[in-house]
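For reference, the structure discussed in these notes is given below.
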Amino acid sequence: DLLVVNKPEGLVVHPADSYQGATLVHGLLYQSQNLSGINGVKRPGIVHRIDKDTSGLLVVAKNDQTHNLLSEGFKNHEISRIYVALVYGNLETEQGVIDMPIKRHKTNRLKMAVDKDGKKAVTHFKVIERFEDYTLVECELETGRTHQIRVHMSEIGHPVVGDPLYGPRKVIGNTGQYLHAHTLKFFHPIKKEHMTFNVDMPESFKNILKELR
């Protein structure tokens, strides 16, 4: 009924007019004959996305019934997605909730922005580890807006390290932003079982933490 994939950093999820290279969808089509058709030929099976330079877990639907039920689960905030992010600076609190609406940036179409006319966007965060100039945080999505964690953390003055769009101009490393989707919890819509998946952060992420320590 479904697949859970650990997407590597640097891989685009599905083809688009602006991107014709290799994507996760090409890999899925190679692995599986059955993928839901709800999102058309360019996005078979794709129920939700993570950014190209974000690594981690993604659930993929293998039939339309599962796709519809998973989509409902996302809409009703029944699917838990927890990320780990390395951000600039030291957060003042140990945990908090960022509740700021997000919509497409008015002038830069590649970016999203906090905007009072945007869609509701809520991110829960808590500090995992503090370094001199950086903080490792866990972020749980209540909503799933495009670039949500990146926009929210930047808006409160702590952009994700290595983020070329929302961070400072000087990007650290060459592996994209240090943002990793490490936990996915959902109720299997067909088997009716609670499922939890965890995946460790990639080596590049572990290495920067080692250096900071």
Side-chain angles (χ1 to χ4, degrees), residues 7 9-19 21 23-24 39 42-43 46-58 71 74-77 79-128 133-184 205 208:
K7 186 190 85 66
E9 62 207 345
L11 183 65
V12 171
V13 170
H14 59 73
D17 294 337
S18 58
Y19 183 82
T23 68
L24 181 72
N39 276 335
K42 281 190 177 175
R43 293 189 281 177
I46 301 301
V47 186
H48 67 123
R49 294 180 302 188
I50 52 180
D51 302 333
K52 169 178 174 263
D53 290 321
T54 300
S55 57
L57 294 169
L58 203 63
S71 291
F74 277 112
K75 205 161 75 183
N76 299 329
H77 314 307
I79 296 175
S80 174
R81 285 166 292 165
I82 303 172
Y83 290 69
V84 62
L86 184 67
V87 301
Y88 288 98
N90 260 301
L91 277 82
E92 290 170 10
T93 57
E94 288 302 307
Q95 56 187 40
V97 180
I98 307 166
D99 185 347
M100 299 175 179
I102 290 174
K103 70 180 290 190
R104 183 78 51 194
H105 195 284
K106 286 187 171 74
T107 52
N108 183 346
R109 305 303 292 166
L110 295 174
K111 291 177 81 166
M112 307 299 286
V114 166
D115 189 311
K116 65 180 190 325
D117 299 325
K119 289 181 176 172
K120 187 173 178 63
V122 181
T123 305
H124 299 257
F125 70 86
K126 68 177 180 193
V127 171
I128 302 170
D133 301 313
Y134 307 93
T135 308
L136 186 67
V137 293
E138 191 175 80
C139 296
E140 184 163 7
L141 292 177
E142 189 175 310
T143 54
R145 306 293 165 222
T146 302
H147 300 174
Q148 180 174 313
I149 292 170
R150 297 164 65 192
V151 171
H152 273 170
M153 295 314 293
S154 180
E155 188 67 21
I156 65 165
H158 299 282
V160 176
V161 173
D163 188 336
L165 263 187
Y166 304 101
R169 287 238 168 252
K170 184 172 171 287
V171 171
I172 294 177
N174 55 1
T175 53
Q177 61 263 1
Y178 289 93
L179 181 61
H180 172 68
H182 73 78
T183 299
L184 186 62
F205 205 143
I208 195 170

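Any value given below was found using the heavy atoms of this structure, including those in side chains, with hydrogens, waters and symmetry copies removed.
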statement: On a heavy-atom basis, the closest approach of Ala85 and Leu179 is CB-CD1, 3.6 Å
- request: Any chance you could measure His182, atom NE2, to Leu57, atom CG, to the nearest 0.5 Å?
  value: 9.5 Å
Between CD1 on residue Ile98 and CD1 on residue Ile149, distance to nearest 0.5 Å: 9.0 Å
query: For Pro164, does its backbone N or O pair with a side-chain atom of Gln177 as donor and acceptor, under 3.5 Å?
result: no
field: Nearest heavy-atom neighbours spanning Val97 and Phe125
entry: N-CE2, 4.1 Å
Student check: side-chain heavy atoms of Val137 and Gln95 closer than 4.5 Å: no
- request: Would you sort out whether Val161 and Tyr88 count as a side chain to side chain contact (heavy atoms under 4.5 Å, CB included), showing the intermediate values?
  value: CA-CA 6 Å; Val161 173; Tyr88 288 98; 4.0 Å; yes
task: Test Val84 against Phe205 for side chain to side chain contact (heavy atoms under 4.5 Å, CB included), laying out the working first.
output: CA-CA 10 Å; Val84 62; Phe205 205 143; 4.2 Å; yes
query: From Glu138 CD over to Ile128 CD1, what is the distance, rounded to the nearest 0.5 angstrom?
result: 4.5 Å
message: Minimum heavy-atom separation for Thr143 and Ala121, please, with both atom names.
response: OG1-CA, 3.1 Å
- line: For His14 and Val12, the nearest pair of non-hydrogen atoms, with its separation, is O-CG1, 3.3 Å
task: Looking only at non-hydrogen atoms, find the nearest pair between His152 and Val122 and report the distance.
output: CE1-N, 4.0 Å
message: Quick one, Ile156 with Met100, criterion side chain to side chain contact (heavy atoms under 4.5 Å, CB included). Give me CA distance, side-chain angles, the key distance, then yes/no.
response: CA-CA 10 Å; Ile156 65 165; Met100 299 175 179; 4.0 Å; yes
statement: On a heavy-atom basis, the closest approach of Pro168 and Pro159 is CD-CG, 4.0 Å
query: Hey, is the main chain of Glu142 close enough, under 3.5 Å, to the side chain of His77 for a donor-acceptor pair?
result: yes
task: List in chain and number order the residues that pass ring-ring contact (aromatic ring centres under 6.0 Å, His included) with His147, two or more places apart in sequence or in another chain; answer none if no residue qualifies.
output: Tyr166
- line: side chain to side chain donor-acceptor pair (under 3.5 Å) with Arg150: of Asp163, Asp53, Thr54, only one passes, and it is Asp163
- request: Quick one: list whatever passes ring-ring contact (aromatic ring centres under 6.0 Å, His included) with His48, sequence neighbours left out.
  value: Phe74
query: NZ of Lys103 to CZ of Arg145: how many Å apart, nearest 0.5 Å?
result: 13.0 Å
- prompt: Excluding sequence neighbours, so at least two apart, what forms salt bridge (Lys or Arg N to Asp or Glu O under 4.0 Å) with Lys52?
  reply: none
query: Quick check: does any side chain N or O of Lys126 sit under 3.5 Å from a backbone N or O of Glu140, one acting as donor and the other as acceptor?
result: no
- request: Hey, could you give me the CG/CG distance between Leu184 and Leu58, rounded to the nearest 0.5 Å?
  value: 8.0 Å
task: Evaluate the side chain to side chain contact (heavy atoms under 4.5 Å, CB included) criterion for residues Met112 and Arg104: first the C-alpha distance (whole Å), next the side-chain angles of each, then the deciding distance (0.1 Å), finally the verdict.
output: CA-CA 4 Å; Met112 307 299 286; Arg104 183 78 51 194; 3.6 Å; yes
Polar side chain donor-acceptor pair, His180 to Ser55, under 3.5 angstrom: yes
message: Please report the interatomic distance OG1(Thr135) to NE2(His158), rounded to the nearest 0.5 Å.
response: 7.0 Å
